[in-house]
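Shown next, in structure tokens, is the structure this report addresses.
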Amino acid sequence: MNFAISLTVNGVRRDIELDDPRVTLLDLLRERLDLTGTKKGCDRGQCGACTVLVDGRRINSCMALAISHDGADVLTIEGVARGDQLDPVQAAFIAHDGMQCGFCTPGQIMSAIGLIHEGQTGDDPERIREGMSGNLCRCGAYAGITEAVLDAQKSHAQADERRSA
């Protein structure tokens, strides 16, 4: 028995036939849609390497059944940059050396984007560390990641001020 779902992934509508209702969103993205930027780390929802935004909210895609997100808008790391122009979060991660080996970086960036859009960052490093605590970095790039999120949050706030002026 096949199950038809439709997702908008990185701005492109995708109509997908699933032959198994137990397919996770992570496996669908990586294996069926060839979007391998989202990483499979622990496959248990504990490391955050698989973080994507679904309808603007951060989720661990390894714990989400694809079929349960029929009609959703999914943003992965591949859809963050606009052509050659990096998102402010991506640029800040580079500027603050927040990526070490890079395996966790896509999930860290997606979580940071979500955190900023949720308005949960403020200018408090401890608040950012708490908000990012579901994303593990085995290389210990936390200082750079925190600085990158602070920097990107300021860029987003300044852009918001310019738009509202």
Side-chain angles (χ1 to χ4, degrees), residues 3-118 120-121 128-129 131-142 144-146 148-149 152-153 156:
F3 303 89
I5 65 168
S6 177
L7 299 170
T8 300
V9 181
N10 300 330
V12 178
R13 182 184 162 115
R14 300 291 193 90
D15 295 314
I16 303 157
E17 290 280 328
L18 299 174
D19 57 1
D20 185 347
R22 298 170 295 173
V23 172
T24 65
L25 183 57
L26 173 62
D27 288 338
L28 176 71
L29 293 169
R30 290 183 59 79
E31 296 171 16
R32 293 276 305 276
L33 302 181
D34 293 322
L35 296 171
T36 57
T38 305
K39 303 301 185 210
K40 184 179 274 198
C42 67
D43 211 19
R44 293 183 178 150
Q46 297 175 344
C47 73
C50 66
T51 303
V52 297
L53 301 182
V54 175
D55 295 330
R57 296 185 60 224
R58 300 176 285 166
I59 70 163
N60 290 331
S61 60
C62 73
M63 299 300 293
L65 294 177
I67 199 166
S68 68
H69 292 287
D70 186 22
D73 183 22
V74 179
L75 181 64
T76 70
I77 191 69
E78 289 90 350
V80 172
R82 300 287 176 238
D84 289 339
Q85 184 170 354
L86 296 177
D87 181 89
V89 174
Q90 291 173 305
F93 265 68
I94 292 168
H96 294 280
D97 198 24
M99 52 194 147
Q100 303 280 317
C101 80
F103 186 83
C104 72
T105 304
Q108 295 274 3
I109 289 172
M110 296 309 297
S111 189
I113 290 170
L115 190 68
I116 290 168
H117 289 296
E118 292 163 12
Q120 298 297 317
T121 55
I128 290 170
R129 283 190 285 275
M132 297 288 293
S133 65
N135 293 79
L136 302 179
C137 172
R138 290 175 178 92
C139 299
Y142 293 115
I145 290 167
T146 302
V149 177
Q153 185 276 334
H156 278 278

List the atom of [X], the atom of [Y], and the distance in Å for their closest heavy-atom pair.
X    : Y    : result
I5   : A66  : CD1-O, 3.7 Å
L65  : S68  : O-OG, 2.7 Å
P88  : A152 : O-CB, 3.9 Å
A112 : V149 : CB-CG2, 3.7 Å

Output every pair passing salt bridge (Lys or Arg N to Asp or Glu O under 4.0 Å) with a member in residues 55-84, not counting sequence neighbours, ordered by first then second residue. R58-E118
Please enumerate all residues that pass salt bridge (Lys or Arg N to Asp or Glu O under 4.0 Å) together with R129, with sequence neighbours excluded. E126
Mind listing the side-chain donor-acceptor pairs of residues 90-99 below 3.5 Å, one per line with the distance, residues two or more places apart or on another chain?
unit_1: Q90; atom_1: OE1; unit_2: D87; atom_2: N; d: 2.9
unit_1: H96; atom_1: NE2; unit_2: D151; atom_2: OD2; d: 3.1

Is R14 atom CZ crowded by more than 12 heavy atoms from other residues, nucleotides or ligands, each under 6.0 Å away? yes
Would you tabulate the side-chain donor-acceptor contacts of residues 28-35 under 3.5 Å, counting partners in other chains and residues two or more places apart, or write 'none'?
unit_1: R30; atom_1: NH1; unit_2: T36; atom_2: O; d: 2.7
unit_1: R30; atom_1: NH1; unit_2: T38; atom_2: O; d: 2.8
unit_1: R32; atom_1: NH1; unit_2: E17; atom_2: O; d: 2.9
unit_1: R32; atom_1: NH2; unit_2: E17; atom_2: O; d: 2.9

Looking at side-chain heavy atoms only, is the closest gap between [X] and [Y] below 4.5 Å?
X    : Y    : value
L136 : Y142 : yes
I113 : V80  : yes
V74  : T8   : no
P21  : I67  : yes
R138 : C104 : no

For S6, enumerate each residue passing the side-chain hydrogen bond (donor to acceptor under 3.5 Å, both in side chains) test, keeping only those at least two apart in sequence or located in another chain. R13, D15
One should read off an interatomic distance between I59 CD1 and M110 CE, to the nearest 0.5 angstrom, of 10.5 Å
Could you list the donor-acceptor pairs under 3.5 angstrom formed between side-chain atoms of residues 40-52 and any protein atom two or more places apart in sequence or on another chain?
unit_1: K40; atom_1: NZ; unit_2: D27; atom_2: OD1; d: 2.8
unit_1: T51; atom_1: OG1; unit_2: G48; atom_2: O; d: 2.7
unit_1: T51; atom_1: OG1; unit_2: N135; atom_2: ND2; d: 3.4

